[in-house]
There are 4 protein chains.
Amino acid sequence: MTTQAPPRDTPPRAPPTMRAAVFHNVGDIRVEDVPRPQAGPGEALIRVTTTTICGTDLHILRGEYPVKPGLVIGHEPVGVIAELGVGVTGYALGERVLVGAITPCGQCHACLSGHLSQCGHGHDCEALGGWRFGNTIDGAQAEYLLVPSAQANLARIPDDLTDEQVVLLADIASTGISGAEAGGVTLGDRVAVFALGPIGLCAAIGARLLGAAMVIGVDGDDGRLAMATRMGVDVVLDHRKVDVVAEIRRLTGGVEVAIEALGTQQTFESALRVVRPGGTLSSLGVYAGKLAIPHDAFGAGLADVRIVTTLCPGGKERMRRLLAMVRSGRLDLRPLITHRFKLADIAEAYRLFGERRDGVMKIAITP
Amino acid sequence: MTTQAPPRDTPPRAPPTMRAAVFHNVGDIRVEDVPRPQAGPGEALIRVTTTTICGTDLHILRGEYPVKPGLVIGHEPVGVIAELGVGVTGYALGERVLVGAITPCGQCHACLSGHLSQCGHGHDCEALGGWRFGNTIDGAQAEYLLVPSAQANLARIPDDLTDEQVVLLADIASTGISGAEAGGVTLGDRVAVFALGPIGLCAAIGARLLGAAMVIGVDGDDGRLAMATRMGVDVVLDHRKVDVVAEIRRLTGGVEVAIEALGTQQTFESALRVVRPGGTLSSLGVYAGKLAIPHDAFGAGLADVRIVTTLCPGGKERMRRLLAMVRSGRLDLRPLITHRFKLADIAEAYRLFGERRDGVMKIAITP
Amino acid sequence: MTTQAPPRDTPPRAPPTMRAAVFHNVGDIRVEDVPRPQAGPGEALIRVTTTTICGTDLHILRGEYPVKPGLVIGHEPVGVIAELGVGVTGYALGERVLVGAITPCGQCHACLSGHLSQCGHGHDCEALGGWRFGNTIDGAQAEYLLVPSAQANLARIPDDLTDEQVVLLADIASTGISGAEAGGVTLGDRVAVFALGPIGLCAAIGARLLGAAMVIGVDGDDGRLAMATRMGVDVVLDHRKVDVVAEIRRLTGGVEVAIEALGTQQTFESALRVVRPGGTLSSLGVYAGKLAIPHDAFGAGLADVRIVTTLCPGGKERMRRLLAMVRSGRLDLRPLITHRFKLADIAEAYRLFGERRDGVMKIAITP
Amino acid sequence: MTTQAPPRDTPPRAPPTMRAAVFHNVGDIRVEDVPRPQAGPGEALIRVTTTTICGTDLHILRGEYPVKPGLVIGHEPVGVIAELGVGVTGYALGERVLVGAITPCGQCHACLSGHLSQCGHGHDCEALGGWRFGNTIDGAQAEYLLVPSAQANLARIPDDLTDEQVVLLADIASTGISGAEAGGVTLGDRVAVFALGPIGLCAAIGARLLGAAMVIGVDGDDGRLAMATRMGVDVVLDHRKVDVVAEIRRLTGGVEVAIEALGTQQTFESALRVVRPGGTLSSLGVYAGKLAIPHDAFGAGLADVRIVTTLCPGGKERMRRLLAMVRSGRLDLRPLITHRFKLADIAEAYRLFGERRDGVMKIAITP
């Protein structure tokens, strides 16, 4: 690198600000100027080139999941390395990277136990991981994003993949597929997925990638049922029209794995009622209030059922594996990106997404 | 074997009857003469030398778990082979055997999938397994017991082990230890066990056998707390005196595995609240009514918690392994046998056991 | 069933003989009349409708794997139930079934431990399982086949699947896919398969079904390399033209799983040299003589490498899962069946297969 | 901390040197003054209070394992934190810590895949982990030790444990127990351990801690056989006196897990010959030259045997678990420490250890 001209990704001298989507209050998100961060030891700064909006961001905007006012939200970043802090090695400025929604430190007891998504729970590690972007630290709906524990979290993107091919890997693909993995899907399994939003669809796709023989998807939205069929779900059931528990039992005699991807009592209970003895209910939904387990559905404790909750594992190795699946052509989530907005117009994107208008599934946000 | 005199274990010519504890109605169990069964193809008849009473038998007697009137109850047999049906090979009359409470057929889809305790759920196998003794077929509180799928279920007892050393293996040891296994207890884990009846005690013992570094037991009965200490539980907590959730969190910061061994909302919820993110709740209790999962205890779905229910695996290989643990001296459950009764007096044994009088833990029943 | 006329699948009164391919001596196999077996307790007789020849049968014919003269060989049967012995329930005469090459009893210590393919090793079970057809008991290249432990081994074939769609499941698909399973293939793995005969191809297909991101196949036969590409192998390497170890290392930096499917020192060592530390070598080949592990390839014991050998698990549950994969369209092995012969002409089929003439992969044999 | 007097663990102003055991050449190790290191970003400096000599150190001294002249050797440190580099949080100067022989970074692809002992193999992480102390960076046989990736590698020692209670955890206990874990030892297993040096003994102890029903130890040294009995090995066999393969087969019919802890063709082959089909050979030895696998011992590829090599996992979570086992009284390795030397006299300690004089097992080295 020469000294004559500043390289493209070097930050300008001053004043270091950037545009970002800031949460002010329930229902109030604004794109405004905020200080542009700088990479400290172990951190990296990336210039965000594509991001998206997650259902969890909607929960934040609606006040259903509390975050501090003033926070930049968003947790699904694709970008270019703009700064590397002391101690981050093996990367170069200008490299295009994907960063997972979960940013494990790799060095706390949870991480060293393999529970990357639980990083920093407990007090052994101030370099807190787990889900931090747009939750406890500033997030990805901005021009720049500061990445903690960068050594563990920057995944290089192969040149032949576009941003839109990979942006959904950061959270929904990783989370959805984790639901299938946590369910222990194995060759020849029958799998039922309850709710076919982006996460549920990815869970269904994951079940197929892991060898399921039959994937059944349940929803009550025509667009989502159609999308599920397009994405390779074997059987789609409309819960407005059929008794889905009875129908799944008729088709399978009970599934090896049921995946819950909505977070309601109804879907949880239905999922439990279609699992065969010895099977697993993998729960991806985030529940509010008490969740009741009917003891009869639970086999009165005699049915060897496992109930597993999952938060997507993060880290660059997870992202590397998902990128490899995209590159091989086995995983193509582009059909899920139904809309595109500029960061400046993100408030409108939130409205569209929140109202589920125009068959929206996922929205790509660019600077 | 000579032909001059009938061998000891050959059934007398006629009339083939035997004494057995028969369930007549709620609260009404009677020892009476019933037809003595004969071993058909694939079956074996054993002359019961020792059995015991399980908490589940109490549920039956109290009408809390329904069985057909006229059933011989009990599912924990030690005995001597009296008859071998066609197709049962490699055994000899007179051999002393242990038979597990669960009698898997080994040949249905559940068994061939490794879910031995779920044998026969589904319609693929008329040789139904799962829990059958004293549930769907006549049980062990009798002079003789007909064993289905005998090839898969007769475990020879080494000569140097007494009946009392092994009778608790058939159910409570296998079930309790399964709770620790299903919880995934591994080296250095911290494990909390809620309720220290025979099953809970065995779960605690199992956790230790599998490498737990700290086993915490919770109960509210002085005798059981004292027994737990005697059996090697590291820390015993009396829920009448301390806030057990707070205390367990103080001692461990959250356990890797919590085991529920009672089947109540209170113990289930406490168990859930002491599991650290990434940990497992292994549930052994049999619940009545709805079980509520408080979403906050469930980490709002963000905590990667597994909830696992377990029914003890059966089969002669499981019994062989437990017998080997007894023989090596690692597993000695004799202190749990606090009382002894003759089969003729079993009604009195039920009363003592049901009222939890005289520090009763388990009662050995002999002919 | 009427009584007027004997049903099609009822054996004729007398004399009960059948045509069968009998091994007489090295190089000497003859189709001749042999006694037609009858189903005893726990057994079933099936009328074979389609079978095939395995590489192992060639080893037998060449004297490389010893069996008793007079044995009917073959272990890959599709057929129709002609007789059901006492104790086999839930099936009806005339049902079309697939039987795996391995026929586990389900009731010995190995089976009850989940090692179905090791059934009967050890002395605990006279109903020996493991690989028996065409090895220790009469096999499938005949008009009729006696199936031991029938309850555990008869897998119903859905009506909409043809014999040729399913006949390769009995051994090569189950064995090949087991190689990928035993290797622990997981989402995003890079997998290299050494030798692309039918088993190796199925291993490659299995790796893909289980979520591998990149499957590399190695062979030195143009037809097999072309078939591999057709069956979805991502990268095919010709060992006559490239240094395959160097090339695989260049492409992947070391694979998570290498699968050996030939049984030679060369392929074993190459497989070992491409596995990354922490990875697995899954060995499917049957070796003759000493196999040398170069300590440097073994990481001098510092590389956490696993070497796993696999024999295909059998049993009707395994077959059910594979049948479900065929039915869903995920597994289509029909392209591998390149030739068809009548049982009467099987000697010619053996010659073709042994000489690898005319691009032969697998040969369907019908009565 | 006051400014009046330098705290005990603050380094003296100048010149910063320390005493250390430096490898000069084959057979030439000298205790001399070397520069005392300082903790850079992410590092910690510990003042070593106890260390020991490993068999691998002997290999180095004898030139059998090559390291660069000038290296300080040793990889088993107990000490007190003397300096903390930038970015290492949650620790205080003066805390007593144990550091594993393997120091994973936690942030490379291998670590994030859970292969902590393979950290840094591959080029993705300059903060190389894996085995570094006394191998590629200066080691623990010195007054001070620089710890890389300190956040992931400093395990606090409870006050009530002495240095000698914990110093063997850094390598031999972790490695030996890993051998049992990698072998998949489970409740009721029969385990045979070949060679009862410190690692083999720890493997035997580990097998018992994980639930083995019978642990058989094989060696040809009276002292080691006696020590094995003292440490709880159930059956000890002297290979000078009995055919150990025949005897183990007689006792068990084949073990579920065999552990090789020496690194010779003889022990490897014997271990392979006692494993039952479906079992695992866990190999801890470091081999020189080719290792031959007799195909008959390998079941000709038909026996479903796994061969697993293991390098001890490191990191503070592993050490925390082992410390917890010591604290609970389940793991007491003090009997293995048979001799004690000062660092100044370490050359004499090496001679004693190398000649296996005076029943030496492990030697504690203090400043």
Side-chain angles (χ1 to χ4, degrees), chain B residues 114 155-156 158 161 169 173-174 176-191 202-203 205-216 232-235 251-253 255-257 276 278 312-313 315-332, chain D residues 114 155-156 158 161 169 173-174 176-191 202-203 205-216 232-235 251-253 255-257 276 278 312-313 315-332:
Chain B
R156 267 184 216 90
L161 300 183
L169 304 180
S174 188
I177 293 173
S178 292
E181 291 171 321
V185 172
T186 187
L187 195 86
D189 273 355
R190 291 153 291 197
V191 178
C202 285
I205 290 166
R208 179 160 183 165
L209 287 175
L210 293 169
M214 181 189 280
V215 180
I216 302 169
V233 174
D234 298 287
V235 178
L251 285 168
T252 64
V255 298
E256 279 80 12
V257 183
R276 64 174 49 222
C312 82
K316 68 183 175 187
E317 168 65 7
R318 174 68 169 183
M319 293 303 125
R320 183 197 68 73
R321 288 177 171 268
L322 293 172
L323 287 165
M325 295 303 286
V326 172
R327 205 166 179 218
S328 71
R330 271 105 153 134
L331 180 60
D332 184 356
Chain D
R156 266 184 217 89
L161 299 183
L169 304 180
S174 187
I177 293 172
S178 293
E181 291 170 320
V185 172
T186 188
L187 196 86
D189 273 354
R190 292 152 291 197
V191 179
C202 285
I205 291 166
R208 180 161 183 165
L209 287 174
L210 294 168
M214 180 189 280
V215 180
I216 302 169
V233 174
D234 298 288
V235 178
L251 286 167
T252 65
V255 298
E256 278 81 11
V257 183
R276 64 173 50 221
C312 79
K316 67 184 177 188
E317 167 65 6
R318 175 68 170 184
M319 293 302 125
R320 181 196 69 70
R321 287 178 172 268
L322 294 172
L323 288 165
M325 295 303 285
V326 172
R327 205 166 177 217
S328 71
R330 271 105 152 136
L331 181 60
D332 185 355

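What you see is a predicted model, and the numbers here were worked out from it, not measured in a lab. Every chain is numbered from 1 and lettered A, B, ... according to where its sequence line falls, protein lines coming before strand lines.
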task: Dump the intermediate steps for side-chain contact (heavy atoms from CB on, under 4.5 Å) on D:Arg190 and B:Arg321, then the final yes or no.
output: CA-CA 9 Å; D:Arg190 292 152 291 197; B:Arg321 288 177 171 268; 5.9 Å; no
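In this structure, the portion of B:Arg320 lying under 4.5 Å from any heavy atom of chain D is its side chain and not its backbone. Only the side chain of B:Leu322 comes within contact range of chain D, with at least one heavy atom under 4.5 Å from a heavy atom of that chain. With a 4.5 angstrom heavy-atom cutoff, B:Leu323 does not touch chain D via any of its atoms.
A pairwise comparison of heavy atoms in B:Ser328 and D:Ala213 identifies CB-O, 3.1 Å as the closest pair.
Each of D:Val185, D:Leu187, D:Asp189 has some count of heavy-atom pairs under 4.5 Å with chain B, and the biggest count is that of D:Leu187.
One finds the CG atom of D:Leu210 at 8.0 Å from the CG atom of B:Leu210 (value rounded to the nearest 0.5 Å). Here the OG1 atom belonging to D:Thr186 is positioned 5.5 Å from the CD atom belonging to B:Glu181, to the nearest 0.5 angstrom.
Using a cut-off of 4.0 Å between Lys/Arg side-chain N and Asp/Glu carboxylate O, B:Asp234 and D:Arg330 are scored as salt-bridged.
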